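In what follows, a structure is listed as structure tokens, so that the remarks can point back to it.
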Amino acid sequence: MVNKYYDLVTSFYEYGWGESFHFAPRWKGESLRESIKRHEHFLALQLGLKAGQKVLDVGCGIGGPLREIARFSSTSVTGLNNNEYQISRGKVLNRVAGLDQTCDFVKADFMKMPFPDNSFDAVYAIEATCHAPDAVGCYKEIYRVLKPGQCFAAYEWCMTDAYDPNNEEHQQIKAEIELGNGLPDIRLTSQCLDAIKKAGFEVVWEKDLAVDSPVPWYLPMDASHFSLSSFRLSAVGRFFTKNMVAALEKIGIAPKGSQRVQAFLEKAAEGLLAGGKKEIFTAMYFFVARKPLSESE
């Protein structure tokens with residue numbers, strides 16, 4: 001399901017977000033694009049990346065974060081993705097950026113990675129492993145390919161402790177996020193933390209970075225907010241896109257199904273916005289976890 005979904009929505013994501021398909025906490029006066037880059041640099045710094053290290057990006061999309069982190073840290077980054085279209089697009093962008101000799105892509109399921117044990121100096125995932133049907137199994141695979149003593153860091157999509165599973169409105173918001181983003185059951189932050197421990201990791205630190213963000217992460221999707229820097233994500237921008245896509249599909253320029261995909265994404269944006277405003281959902285539960293040097297450590 002996830003693979004077919006991303007075949008359809010990749011172009012829409014790149015149109016709205018650029019090369020990095022994720023949210024970020026923002027400072028006042030900071031543009032969306034600037035905050036996204038800083039979010040990626042923050043992750044690289046928390047992992048303590050050093051020049052020449054071999055790093056794995058789990059669920060890399062078209063490789064926007066991969067390229068930014070590789071340039072920022074002078075590391076070699078491998079992007080793992082199970083979608084052929086995104087990999088093809090990522091390879092083109094790697095060549096344009098001059099990173100095709102140090103960064104690459106591997107097509108595979110992150111539940112069963114084609115790498116030997118203890119292959120990478122660091123592993124990270126940005127809003128990707130929320131797609132895993134089994135969090136513990138996914139984290140165990142990451143644990144396996146990570147070198148002992150090294151760290152895994154991730155930004156996860158989670159329901160917060162404010163989420164009430166018996167509240168019908170909360171249930172509807174959660175369902176909209178899952179349906180519009182091709183997700184399985186969204187985990188609570190506590191379940192995510194428990195899964196990382198069950199996989200064998202030691203949690204170095206964890207925090208919902210949405211809590212202290214001076215500018216709400218969901219602001220670009222808020223109908224009451226207008227910004228030229230994130231126009232395509234705004235309510236006005238999405239309305240313009242909706243009508244443009246309808247016209248292009250009608251005359252045969254846009255492929256059939258484009259309007260339906262756009263409608264799915266519109267519903268997803270509504271769910272994300274509502275979940276963010278009610279603080280029952282976060283797009284940036286962050287943790288750094290360490291693989292022990294030995295099983296007995």
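None of these values were measured; they are calculated from a predicted model.
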[atom1]-[atom2] distance between [X] and [Y], expressed to the nearest 0.5 angstrom:
X: Ile186; Y: Cys192; atom1: CD1; atom2: SG; result: 12.0 Å
X: Leu80; Y: Asp104; atom1: CG; atom2: CG; result: 10.5 Å
X: Asp161; Y: Thr282; atom1: CG; atom2: OG1; result: 11.5 Å
X: Asp164; Y: Glu169; atom1: CG; atom2: CD; result: 11.0 Å
X: Phe287; Y: Phe201; atom1: CZ; atom2: CZ; result: 8.0 Å
X: Leu146; Y: Asp117; atom1: CG; atom2: CG; result: 11.0 Å

Measuring only between side-chain heavy atoms, which start at C-beta, is [X] closer than 4.5 Å to [Y]?
X: Trp157; Y: Leu272; value: yes
X: His170; Y: Met159; value: no
X: Pro25; Y: His39; value: yes
X: Pro133; Y: Met111; value: yes
X: Tyr143; Y: Phe152; value: no
X: Phe23; Y: Pro216; value: no
X: Leu193; Y: Thr189; value: no
X: Val58; Y: Met113; value: yes

**All side chain to side chain contact (heavy atoms under 4.5 Å, CB included) counterparts of Ala70, not counting sequence neighbours** =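 In terms of side chain to side chain contact (heavy atoms under 4.5 Å, CB included), with neighbours along the sequence ignored, Ala70 is linked to Val77, Cys103.
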Considering non-hydrogen atoms only, spot the tightest contact between [X] and [Y] and give its length.
X: Asn181; Y: His131; answer: O-CE1, 3.2 Å
X: Leu56; Y: Val145; answer: CD2-CG2, 4.0 Å
X: Lys291; Y: Arg144; answer: NZ-O, 3.6 Å
X: Cys130; Y: Leu183; answer: SG-CD2, 3.7 Å
X: Gly61; Y: Gln86; answer: CA-OE1, 3.2 Å
X: His22; Y: Pro65; answer: CD2-CG, 3.9 Å

**Prompt:** Can you check side-chain contact (heavy atoms from CB on, under 4.5 Å) on Lys50 and Thr75, steps first, answer last?
**Reply:** CA-CA 7 Å; Lys50 297 178 177 61; Thr75 52; over 6 Å; no
Taking [atom1] in [X] as the centre, count heavy atoms belonging to other residues, nucleotides or ligands within less than 6.0 Å. Is the count above 12?
X: Asn118; atom1: CG; value: yes
X: Lys37; atom1: NZ; value: no
X: Glu279; atom1: CD; value: no

**Prompt:** How would you list, by chain and number, every residue that makes a salt bridge (Lys or Arg N to Asp or Glu O under 4.0 Å) with Lys198, sequence neighbours excluded?
**Reply:** Asp194
**Request:** Please name all residues satisfying salt bridge (Lys or Arg N to Asp or Glu O under 4.0 Å) with Lys91, sequence neighbours left out, ordered by chain then number.
**Result:** none
**Asked** Are Phe21 and Ile62 close enough, and set up right, to give a side-chain contact (heavy atoms from CB on, under 4.5 Å), and what steps lead you there?
**Response** CA-CA 8 Å; Phe21 305 160; Ile62 60 172; 3.7 Å; yes
**Item:** Residue pairs passing the ring-ring contact (aromatic ring centres under 6.0 Å, His included) test where at least one lies in residues 87-115, sequence neighbours excluded
**Value:** Phe115-Phe120
**Prompt:** What residue pairs, at least two apart or across chains, pass side chain to side chain donor-acceptor pair (under 3.5 Å) with a residue in residues 58-72?
**Reply:**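 Of all non-adjacent pairs touching residues 58-72, those that pass side chain to side chain donor-acceptor pair (under 3.5 Å) are Glu19-Arg67, His41-Glu68, Arg67-Asn94, Glu68-Arg71.
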Can you tell me if [X] uses its side chain to pair, donor with acceptor, with the backbone of [Y] under 3.5 Å?
X: Asp121; Y: Val55; answer: no
X: Ser76; Y: Lys54; answer: no
X: Ser213; Y: Ala210; answer: no

**Item:** Evaluation steps, salt bridge (charged side-chain N to carboxylate O under 4.0 Å, His left out), between Glu156 and Arg187
**Value:** CA-CA 9 Å; Glu156 285 281 11; Arg187 293 172 278 274; 5.1 Å; no
According to a hydrophobic-cluster definition based on side-chain heavy atoms being under 4.5 Å apart (Ile, Leu, Val, Met, Phe, Trp, Tyr only), do [X] and [Y] belong together?
X: Ile69; Y: Val96; result: no
X: Leu209; Y: Ile280; result: yes
X: Tyr155; Y: Val211; result: no

**Members sharing Leu45's hydrophobic cluster (side chains within less than 4.5 Å)** = Phe72
**Request:** Could you verify whether a donor N or O on one side chain and an acceptor N or O on the other, from Glu34 and Trp27, lie under 3.5 Å apart?
**Result:** no
